[in-house]
Amino acid sequence: MSVVRKTSEEINRMREAGRLLAKVHEDLGKELRPGMSTLEIDRLGEDMIRSFGCTPSFKNYSGYPASVCVSIDEEVVHGIPSAEKFIREGDIVSLDIGLCYKGYHSDAARTHAVGDISKEASLLIERTRQSFFEGMKFATAGRHLHEISAAVGSYAEQFGYGVVRDLCGHGIGKKLHEDPEIPNYRPLRRGIRFQAGMTLAVEPMINEGTWQVRWLDDEWTVITADMSLSAHYENTIVITEGLPEILTLTESEIAADENLKQYLGARGR
């Protein structure tokens, strides 16, 4: 395993990649409405990415045909956009997006409510997001990878949720996927010891029911094995000597969230 520590110049490029991706997520999330096709979501997202002079990280990556992974309800990740697939009132929609800025990638995911959703669905989204921040408490230089994984998984499992085991987070930088792999459950080994300058994409994928998943015939879309709801939350981060720097947040996200304000205050933002 070769984990690349980034230089200050590289991190600056990744900061900008993260800032722009956060803006895409914020703007695209506002566009979601019942009756919208998933292909329309993808085209809007790609247009936003290219308007910043960036390229979509996902388009044609290992054959994936789109720029935005659009996953609805029981779809965990990698839903392929289609002109014949529409989002509906009461759906939860996960958008997983990556972009490349001057040779460096950022990667982030958000799960959105379309109109009024059930209390259970709302809690799943909220707790999936919080599981990420539980992991961030251990994403600091000198800690081991398994500590992030265990914190994410333990938090989610206390609510009876299934923590997906077949997919994981990853390192990121010049390549969209770099070492190390980052599970969302406690692995058997401690994993690497973090060093300042490492850049990671941490992405809890949490199911309302079983942790087990299966792939559809398109060989991309992953769904829950029991057809229960799934939520996804991801950010690109930089390991530091203290709490990590989260690159894929907007100022309005921070302003609207007291927990985020406290987190950033704790890291001395």
Side-chain angles (χ1 to χ4, degrees), residues 1-27 48-58 61 96-110 132-149 151-152 168-183 190-204 233-255 257 259-269:
M1 181 185 296
S2 176
V3 181
V4 180
R5 296 173 67 187
K6 307 303 189 293
T7 66
S8 58
E9 181 180 347
E10 289 177 309
I11 290 171
N12 281 336
R13 289 193 182 188
M14 292 189 69
R15 280 194 185 103
E16 184 63 5
R19 184 186 74 81
L20 294 173
L21 179 56
K23 179 64 172 168
V24 171
H25 263 294
E26 182 172 80
D27 291 347
M48 290 174 185
I49 291 168
R50 295 193 186 278
S51 74
F52 292 133
C54 300
T55 56
S57 299
F58 297 173
Y61 182 82
D96 189 2
I97 315 173
L99 65 74
C100 188
Y101 168 80
K102 293 187 177 180
Y104 287 83
H105 295 272
S106 58
D107 191 0
R110 301 287 187 267
F132 168 88
F133 287 99
E134 294 299 314
M136 290 305 95
K137 297 174 183 178
F138 301 93
T140 186
R143 295 280 196 170
H144 283 90
L145 185 149
H146 78 104
E147 295 179 88
I148 291 182
S149 302
V152 170
C168 61
H170 51 91
I172 187 170
K174 284 186 176 180
K175 295 179 180 179
L176 178 60
H177 292 98
E178 298 180 350
D179 288 334
E181 292 188 343
I182 308 168
R190 291 190 306 173
I192 64 165
R193 186 188 294 272
F194 293 125
Q195 299 178 54
M198 291 178 175
T199 49
L200 311 171
V202 180
E203 51 178 317
Y233 185 82
E234 176 185 20
N235 283 304
T236 298
I237 70 169
V238 180
I239 297 293
T240 72
E241 297 296 338
L243 289 172
E245 181 180 355
I246 303 173
L247 303 184
T248 42
L249 296 173
T250 63
E251 291 298 327
S252 58
E253 273 185 281
I254 295 165
D257 191 310
N259 288 334
L260 255 181
K261 290 178 190 175
Q262 291 175 16
Y263 173 86
L264 293 170
R267 75 172 303 272
R269 180 180 183 272

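For the single chain, residues carry numbers from 1 onward in sequence order.
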**Q.** Sub-4.5 Å side-chain heavy-atom contact between F194 and E147
**A.** no

Q. Atom OG1 of T250 and atom CG of L21: how far apart are they, to the nearest 0.5 Å?
A. 11.0 Å

**Q.** Non-hydrogen side-chain atoms of T7 and N12 separated by less than 4.5 Å
**A.** no

(Q) Nearest 0.5 angstrom please: H144 NE2 to I192 CD1, how far? (A) 9.0 Å

Q | For E245 against T240, the heavy-atom pair lying closest together | A | N-CG2, 4.2 Å

Q. Is there a donor-acceptor pair closer than 3.5 Å between any side-chain N or O of T140 and the backbone N or O of E241?
A. yes

Q: May I have the step-by-step check of side chain to side chain contact (heavy atoms under 4.5 Å, CB included) for F58 and I49, ending in yes or no?
A: CA-CA 11 Å; F58 297 173; I49 291 168; over 6 Å; no

**Q.** Stepwise side chain to side chain contact (heavy atoms under 4.5 Å, CB included) check, V152 with F132
**A.** CA-CA 6 Å; V152 170; F132 168 88; 5.9 Å; no

Q: Taking all non-hydrogen atoms of both residues into account, name the closest pair between A141 and A196 and its distance.
A: CB-N, 3.9 Å

Q) If only atom types and distance count, is the side chain of R193 paired as donor or acceptor with the main-chain N or O of G142 below 3.5 Å? A) yes

Q | side chain to side chain contact (heavy atoms under 4.5 Å, CB included) between L20 and C54, worked out | A | CA-CA 9 Å; L20 294 173; C54 300; 3.6 Å; yes

**Q.** Single hit among I239, V238, T199 for side chain to side chain contact (heavy atoms under 4.5 Å, CB included) with K6
**A.** T199

Q: For N235 and M136, run side chain to side chain contact (heavy atoms under 4.5 Å, CB included): C-alpha distance rounded to whole Å, both residues' side-chain angles, the deciding distance at 0.1 Å, then the answer.
A: CA-CA 11 Å; N235 283 304; M136 290 305 95; over 6 Å; no

(Q) Looking at R190, I want to see if its CZ is surrounded by more than 12 non-hydrogen atoms of other residues, nucleotides or ligands under 6.0 Å. (A) no

Q) How far apart are the closest heavy atoms of A108 and D96, and which atoms are they? A) O-OD1, 3.3 Å

Q) Would you say the side chain of Y104 lies within less than 4.5 Å of the side chain of K174, judging by non-hydrogen atoms? A) yes

**Q.** Considering all heavy atoms, the nearest P183-S149 contact
**A.** O-OG, 2.7 Å

**Q.** Under-4.0 Å salt bridge between R13 and E10
**A.** no

Q: Check the surroundings of atom CD in E16: do more than 12 heavy atoms from other residues, nucleotides or ligands lie under 6.0 Å from it?
A: yes

Q) Side chains of D179 and S2: do they bring a donor and an acceptor to under 3.5 Å? A) no

Q | Over all atoms of both residues, closest heavy-atom pair of S106 and A17 | A | OG-O, 2.9 Å

Q) In Å and rounded to the nearest 0.5 Å, what is the CE to CD1 distance from M14 to I172? A) 5.0 Å

Q: Would you give the length of the straight line joining atom OG1 of T236 to atom CZ of R19, rounded to the nearest 0.5 angstrom?
A: 14.5 Å

Q | T248 (side chain) donor-acceptor with A22 (main chain) under 3.5 angstrom | A | no

(Q) Strictly distance-based, threshold 3.5 Å: is any side-chain N or O of R15 a donor or acceptor partner for the main-chain N or O of L247? (A) no

Q. Between V4 and K175, is any pair of side-chain heavy atoms under 4.5 Å apart?
A. no

Q. Of all residues at least two apart in sequence or in a different chain, which pass the side-chain hydrogen bond (donor to acceptor under 3.5 Å, both in side chains) check with H105?
A. S57

Q. Atom CD1 of I182 and atom CD1 of I148: how far apart are they, to the nearest 0.5 Å?
A. 6.0 Å

Q: Would you check if L176 and C100 make a side-chain contact, meaning some heavy-atom pair closer than 4.5 Å?
A: no

Q. Looking at CZ of R110 and NE2 of H25, how far apart are the two atoms once the value is rounded to the nearest 0.5 Å?
A. 6.0 Å

